Amino acid sequence: MHAGWLWIVALGLIAIGLIGTVLPALPGAAAVFGGMLLGAWLDDFQRISWVTVVVLGVLTALTFAADILGSVFGARRVGASRLALLGAAIGALIGMFFGFVGMIFSPFLGAVAGELISRGRVGQAARIGIGTWLGLLLGTLAKVALVASMLVIFVSAYFIP
């Protein structure tokens with residue numbers, strides 16, 4: 001395949017990933033990383049070194065952690081039980097496979113279920129669920145910041161010698 005077309009694919013992956021950072025139905029940071037890795041490879045890692053690729057990979061891994069930890073920390077902040085925290089984490093993991101709806105509702109449902117099992121109080125469980133949602137919002141903001149950092153690092157490495 002011609003390098004020009006591969007650059008279009010790389011930039012397309014980055015664009016889809018940028019959108020997917022806030023819309024869980026699309027791949028987010030993983031697509032951004034894939035596009036950047038392809039761009040680095042197309043340039044024979046001359047401008048985008050392996051060290052830069054590793055840094056981008058670590059930032060990508062942190063975006064996945066932000067997804068999971070955001071909901072857990074949100075639940076913890078409002079006094080969630082250990083089962084609610086576990087439920088929020090499991091819900092976030094499962095939700096990744098069900099697109100937008102899964103990412104929105106699975107951590108909430110997991111936290112509520114864990115809290116109900118642990119303490120059996122509906123009002124408390126609902127409060128824990130809302131805390132989980134707020135944590136998800138903060139996790140999404142962290143993902144946006146991490147992906148923006150990835151973009152700045154990539155563009156800087158490519159265009160600034």
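As the structure is a computational prediction, the values presented were derived from the model and not from experiment.
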Task: Which atom of Ile153 lies closest to which atom of Leu59, heavy atoms considered - done: CD1-CD1, 3.7 Å

- [ ] Search all heavy atoms of Pro107 against all heavy atoms of Gly102 and return the closest pair with its distance.
- [x] CD-O, 3.6 Å

TODO: Group every Ile, Leu, Val, Met, Phe, Trp and Tyr by side-chain heavy-atom contacts under 4.5 Å, then state whether Val144 and Leu137 land in the same group.
DONE: no

TODO: Drop me the distance from Leu6's CG to Leu11's CG, to the nearest 0.5 angstrom.
DONE: 11.0 Å

Open item on the list: Quick check against the 3.5 Å criterion: does Ser118 have a side-chain atom that pairs as donor or acceptor with the backbone of Gly114?
Closed with: no

- [ ] Kindly give the cluster partners of Val78, where membership spreads through any ILVMFWY side chain lying under 4.5 Å from a current member.
- [x] Ile128

Open item on the list: Nearest 0.5 angstrom please: Ser106 OG to Ile90 CD1, how far?
Closed with: 11.5 Å

Open item on the list: Under 4.5 Å between side-chain heavy atoms, counting indirect links through other Ile/Leu/Val/Met/Phe/Trp/Tyr residues: same cluster for Ile130 and Val112 or not?
Closed with: no

Task: Working for side-chain contact (heavy atoms from CB on, under 4.5 Å), residues Gln124 and Leu116 - done: CA-CA 8 Å; Gln124 175 72 7; Leu116 283 173; over 6 Å; no

- [ ] Please check if Leu146 and Val152 belong to a single hydrophobic cluster, counting links between Ile, Leu, Val, Met, Phe, Trp and Tyr side chain heavy atoms closer than 4.5 Å.
- [x] no

- [ ] Identify the two heavy atoms, one from Ala157 and one from Ile48, that lie closest to each other, and give their separation to 0.1 Å.
- [x] CB-CD1, 3.6 Å

TODO: Using a 4.5 Å cut-off on heavy atoms from C-beta on, say whether the side chain of Val55 contacts that of Met150.
DONE: no

Task: Least distance between heavy atoms, Val147 atom then Ala29 atom - done: CG2-CB, 3.9 Å

Open item on the list: Are Leu37 and Val51 linked, directly or through intermediate hydrophobic residues, by side-chain heavy-atom contacts shorter than 4.5 Å (ILVMFWY only)?
Closed with: no

TODO: Would you check if Val32 and Leu13 make a side-chain contact, meaning some heavy-atom pair closer than 4.5 Å?
DONE: no

Open item on the list: Quick check against the 3.5 Å criterion: does Gln46 have a side-chain atom that pairs as donor or acceptor with the backbone of Asp44?
Closed with: yes

TODO: Name all residues meeting the salt bridge (charged side-chain N to carboxylate O under 4.0 Å, His left out) criterion together with Arg119; count only those two or more places apart in sequence or in a different chain, and write none if there are none.
DONE: Glu115

Open item on the list: Looking at every non-hydrogen atom in both residues, tell me the closest pair between Phe64 and Ala30 and how far apart they are.
Closed with: CZ-CB, 4.0 Å

Open item on the list: Parallel, tilted or perpendicular, judged at 30° and 60°: which one describes the rings of Tyr158 and Trp7?
Closed with: perpendicular

Task: Any side-chain heavy-atom pair of Leu138 and Leu141 under 4.5 Å - done: yes

Task: Partner residues of Arg47 under the salt bridge (charged side-chain N to carboxylate O under 4.0 Å, His left out) criterion, sequence neighbours left out - done: Asp43

- [ ] State the CG-CD1 distance between Leu109 and Ile94, to the nearest 0.5 angstrom.
- [x] 10.5 Å

- [ ] State, with a plain yes or no, whether a side-chain heavy atom of Val53 is found less than 4.5 Å away from one of Phe154.
- [x] no

Task: Derivation of the side-chain contact (heavy atoms from CB on, under 4.5 Å) call for Thr21 and Thr140 - done: CA-CA 8 Å; Thr21 301; Thr140 299; 5.9 Å; no

Task: Lys143 versus Ala66, closest heavy-atom pair with distance - done: CG-CB, 4.0 Å

- [ ] Taking atom types as modelled, find out whether Thr63 and Thr60 have a side-chain donor-acceptor pair closer than 3.5 angstrom.
- [x] no

